[in-house]
Amino acid sequence: MTELLTKDSFLEKVFNYEKNKEWEFKGEIPAIIDFYADWCGPCKMLSPILEQLSEQYEGKVKIYKVDTEAERELSAMFGIRSIPSMLFCPIGEDPQMANGALPKKQIEEIIANVLKVNS
C-alpha cells in the first residue's frame, strides 16, 4: 500500500531538511517517493504500477506519494520540474531521481540496482 506524505510526515519519515543540510534518510527500509499530481495523465498510469510494487516488495521497500499541488515546498526542495518524478532512497547512500512514467520492469531494475532489494 502506498502512503501519502505531507511535509510533516516527510520530515518525520524520510528526511528532515529543516534540521539537516546533508541527506540523512530516516527510513528503516529503502523507499520510493512518487511526486505526482491528480491531473497528470502519466502519473495516473504510474499509480497502479506503484501499488503492485508496494505489494510485491512489502516489508522490503516503502512506497510514498507526494502531491506536488498540495506540497509545493517539498516539490521545490527536490527541484521537481516535471511529473511524475520518483526519488529512490537507498539505505546509507544518496537518493537518485528518475523522471517520467517508467515501465514496471525498469522500476524493478532500479529497485534491484539502486535500492539493492530483490523481490
Side-chain angles (χ1 to χ4, degrees):
M1 186 79 191
T2 59
E3 181 182 336
L4 188 65
L5 290 178
T6 62
K7 177 188 171 191
D8 288 341
S9 58
F10 184 93
L11 293 175
E12 177 189 325
K13 296 178 179 185
V14 180
F15 171 53
N16 189 333
Y17 56 82
E18 292 181 336
K19 287 187 180 169
N20 301 309
K21 297 289 177 236
E22 293 293 316
W23 173 260
E24 184 185 329
F25 180 53
K26 293 177 163 269
E28 294 175 11
I29 60 174
I32 300 170
I33 301 160
D34 172 33
F35 290 87
Y36 78 99
D38 289 334
W39 50 262
C40 164
C43 299
K44 289 178 183 170
M45 290 180 351
L46 183 61
S47 190
I49 293 170
L50 291 176
E51 285 294 338
Q52 290 171 7
L53 290 170
S54 74
E55 291 173 19
Q56 185 177 332
Y57 292 93
E58 188 172 355
K60 296 178 180 179
V61 175
K62 190 78 180 148
I63 300 182
Y64 297 113
K65 296 175 84 60
V66 172
D67 181 345
T68 56
E69 296 290 304
E71 301 297 337
R72 293 183 186 272
E73 183 180 323
L74 279 179
S75 302
M77 179 71 201
F78 287 95
I80 304 299
R81 304 235 183 285
S82 64
I83 50 174
S85 287
M86 288 179 283
L87 186 66
F88 293 87
C89 305
I91 299 294
E93 295 180 27
D94 287 340
Q96 293 187 27
M97 186 71 76
N99 297 317
L102 304 177
K104 183 178 180 186
K105 183 163 179 40
Q106 192 174 351
I107 297 171
E108 288 174 324
E109 289 170 5
I110 295 171
I111 289 171
N113 297 327
V114 175
L115 301 183
K116 298 177 178 44
V117 172
N118 296 310
S119 59

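Atoms considered below: every heavy atom in the structure, side chains included; atoms not considered: hydrogens, waters and symmetry mates. Fair warning: this is a prediction, and the values are worked out from it, not measured in the lab.
For the side-chain contact (heavy atoms from CB on, under 4.5 Å) test with Met86, the passing option among Leu50, Ile33, Ile110 is Leu50; the others fail.
Inspection of the Thr2 and Glu51 side chains reveals an N or O donor paired with an N or O acceptor under 3.5 Å.
Considering all non-hydrogen atoms of both residues, Glu73 and Tyr17 come closest at OE2-OH, 3.0 Å. The minimum heavy-atom distance between Thr6 and Glu71, with the atom names listed, is CA-OE2, 3.4 Å. Closest non-hydrogen pair, Leu46 versus Asp34, comes out as CD2-OD1, 3.8 Å. What you find for Ala31 and Tyr64 is that their closest heavy atoms are CB-CE1, 4.0 Å.
Lys7 places no side-chain N or O within donor-acceptor distance of the main-chain N or O of Leu74, the cut-off being under 3.5 Å. Judged by distance alone, with hydrogens and angles left aside, the side-chain atoms of Asn20 form no donor-acceptor pair with the main-chain N or O of Glu22 at under 3.5 Å.
Ile32 and Leu4 fall into different hydrophobic clusters, where Ile, Leu, Val, Met, Phe, Trp and Tyr residues are linked whenever their side-chain heavy atoms come under 4.5 Å apart, directly or through other members.
In this pair, Trp23 and Phe78 present their aromatic rings perpendicular. The plane angle is above 60°, beyond the 30 to 60° band.
Counting only residues at least two apart or on different chains, the disulfide (SG to SG under 2.5 Å) pairs with a member in residues 20-65 are Cys40-Cys43.
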message: Please evaluate residues Lys62 and Lys13 with respect to the criterion side-chain contact (heavy atoms from CB on, under 4.5 Å), reporting the C-alpha separation (whole Å), side-chain torsions for both, the decisive distance (0.1 Å), and the verdict.
response: CA-CA 10 Å; Lys62 190 78 180 148; Lys13 296 178 179 185; over 6 Å; no
